[in-house]
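Residue numbers count from 1 along this sequence. Computed from heavy atoms alone, side chains included, the values below leave out hydrogens, waters and symmetry copies. Read the numbers this way: they start at 1 and go in the same order the structure lists the ligands and their atoms.
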Amino acid sequence: MADKQNTLWGGRFSESTDQFVQEFTASVSFDQRMYAQDIRGSIAHATMLAEVGVLTDAERDAIINGLTEIRDEIERGEFQWSVALEDVHMNIEARLTDRIGITGKKLHTGRSRNDQVATDIRLWLIDHIDLIDSELNRLMQGMLGLADREAATIMPGFTHLQTAQPVTFGHHLLAWFEMLRRDRERLADCRKRANRMPLGSAALAGTTYPINRERTRELLGFDEICQNSLDAVSDRDFAIEFCAMAALCMTHLSRMSEELVLWTSAQFGFINLPDRFCTGSSIMPQKKNPDVPELVRGKTGRVNGHLICLLTLMKSQPLAYNKDNQEDKEPLFDAVDTLLGSLRAFADMVPAIEPNRDVMREAARRGFATATDLADYLVRKGIAFRDAHEIVGKAVGYGVASKKDLSDMTLSELRQFSDEIDNDVFEVLTLEGSVSARDHVGGTAPDQVRAAVVRARQHLS
Ligand code: ARG
């Protein structure tokens, strides 16, 4: 009979695991990231077991001291992770038994790795949701600062990427802000359902020991207890919900990135990004490439992929735990890392955006951005909107042929198209007149942008 390698579950086995199978099924290379949550969970479990009389106080103390020392060992980089011990849970438990002897083997009373891993990953995700929330908040604060500074800066607003109507740069930034505000709501919502404790469900059916799940919940700071043991060990909805939120947030960052890439190009020239967010080319000396937004745009793909990966992982899994579930971690970890890194890069970069106000203004002046304002002016003079549209269309046609913007035409040139046009038309044809006229909640007028910043700041704090 070959050596039974795994002393933690090898009892019923008559030969050791195939070397390759051992490596193939192990998760320790990636799940060791959850060591702190695993130890927190074990300390809470041992504390509760002593309170209900399953462990003595002395056993509990030995376990807690041993686990605390193991945490230090890991943090000093001295812990020897072993693939033969499969995962973070069995590595830590085996080391505990090494250190404190037979008492270490009592820690696993009344629990299973199935409820243990489900608890660890929720604790890990909640910790990281909080880090993500604070980076989101930092980015949103930076965006509001820039929006406030640029509340009256005029740029073209686009539909179909064609100049549509003038807007303020502050207003455009507040559109970005709204996307992130929704992401933050989704993050908080996902946190609620992650914040439920599976521990106590044991392998799938619960346990025969007189456990106090409410006490363990309280010790770990969960909001609630999972209500069904079969569901608790198999549910990974929280990971899917997080990835859905992350994919959408990355999609928003990607849209912002796309605009930053366009705006930094020589063709637009709307903004400069400081050199520290760009890189050069090894062959073209003139180049300054907007690498940070490009990379964020590119990284969106992997997070979208992780969402599909997790949905597909869960599809068709029968209750309760299946080994498939071990595959939840790498996509979730990478989604967290990618989102956190992208938010951090954006939070550093956005407040440092340098707008080229003259270039933006000139771009808005070209392209007949105030054509709608002229039509609205004619409506105020009593002309039906459809007729006004037709009149302005002809004026624009004339402008294209004569290479003149509406605001460059003389009164008599404009009156060729309608004798309702008077000298007061020039107020509405200016860019400032156009943006200031959109003076209601959600409109682009500089005063509205400033008021929206004030409201948003109250919401954030
Ligand atoms: N490493 C496993 C995971 O990540 C832990 C649970 C394993 N449980 C089991 N009965 N094989 O899901």
Participant: In terms of atom number and element, which parts of ligand 1 are under 4.0 angstrom from non-hydrogen atoms of Lys329?
Facilitator: 3 (C), 4 (O), 12 (O)
Participant: What's the shortest distance from atom 12 (O) of ligand 1 to any protein heavy atom, and which residue and atom give it?
Facilitator: Tyr321 OH, 2.4 Å
Participant: Take Asp235 and Cys226 through the side-chain contact (heavy atoms from CB on, under 4.5 Å) test and state the conclusion after the steps.
Facilitator: CA-CA 10 Å; Asp235 170 37; Cys226 296; 6.0 Å; no
Participant: Taking 4.0 angstrom as the limit and counting only heavy atoms of Asp87, give me the atoms of ligand 1 inside it, by number and element.
Facilitator: 1 (N), 2 (C), 5 (C)
Participant: Among the heavy atoms of Gln116, does any lie under 4.0 Å from an atom of ligand 1?
Facilitator: no
Participant: Ignoring hydrogens and geometry beyond distance, is a side-chain donor-acceptor pair present between Thr251 and Thr300 at under 3.5 Å?
Facilitator: no
Participant: Do any N/O atoms on Asn325 end up under 3.5 angstrom from N/O atoms on ligand 1?
Facilitator: no
Participant: Need the ligand 1 atom indices (1-based, order shown) with element for anything under 4.0 Å from a heavy-atom of Ser27.
Facilitator: 1 (N)
Participant: Check the side chains of Gln37 and Asp127 for a donor-acceptor pair under 3.5 angstrom, ignoring hydrogens and angles.
Facilitator: yes
Participant: Take the angle between the ring planes of His172 and Trp176 and call it parallel below 30°, perpendicular above 60°, tilted in between.
Facilitator: perpendicular
Participant: Between Asn195 and Glu224, do the side chains contain a donor N or O and an acceptor N or O under 3.5 Å apart?
Facilitator: no
Participant: Nearest non-hydrogen contact with atom 1 (N) of ligand 1 belongs to which option: Met34, Gln326, Glu327?
Facilitator: Gln326
Participant: Write out the residue and atom name of the closest protein heavy atom to atom 10 (N) of ligand 1, then the distance separating them to 0.1 Å.
Facilitator: Asn114 OD1, 3.3 Å
Participant: For Arg182 and Glu185, what are the C-alpha separation, side-chain angles and deciding distance, and is it a salt bridge (Lys or Arg N to Asp or Glu O under 4.0 Å)?
Facilitator: CA-CA 5 Å; Arg182 293 190 295 273; Glu185 287 171 8; over 6 Å; no
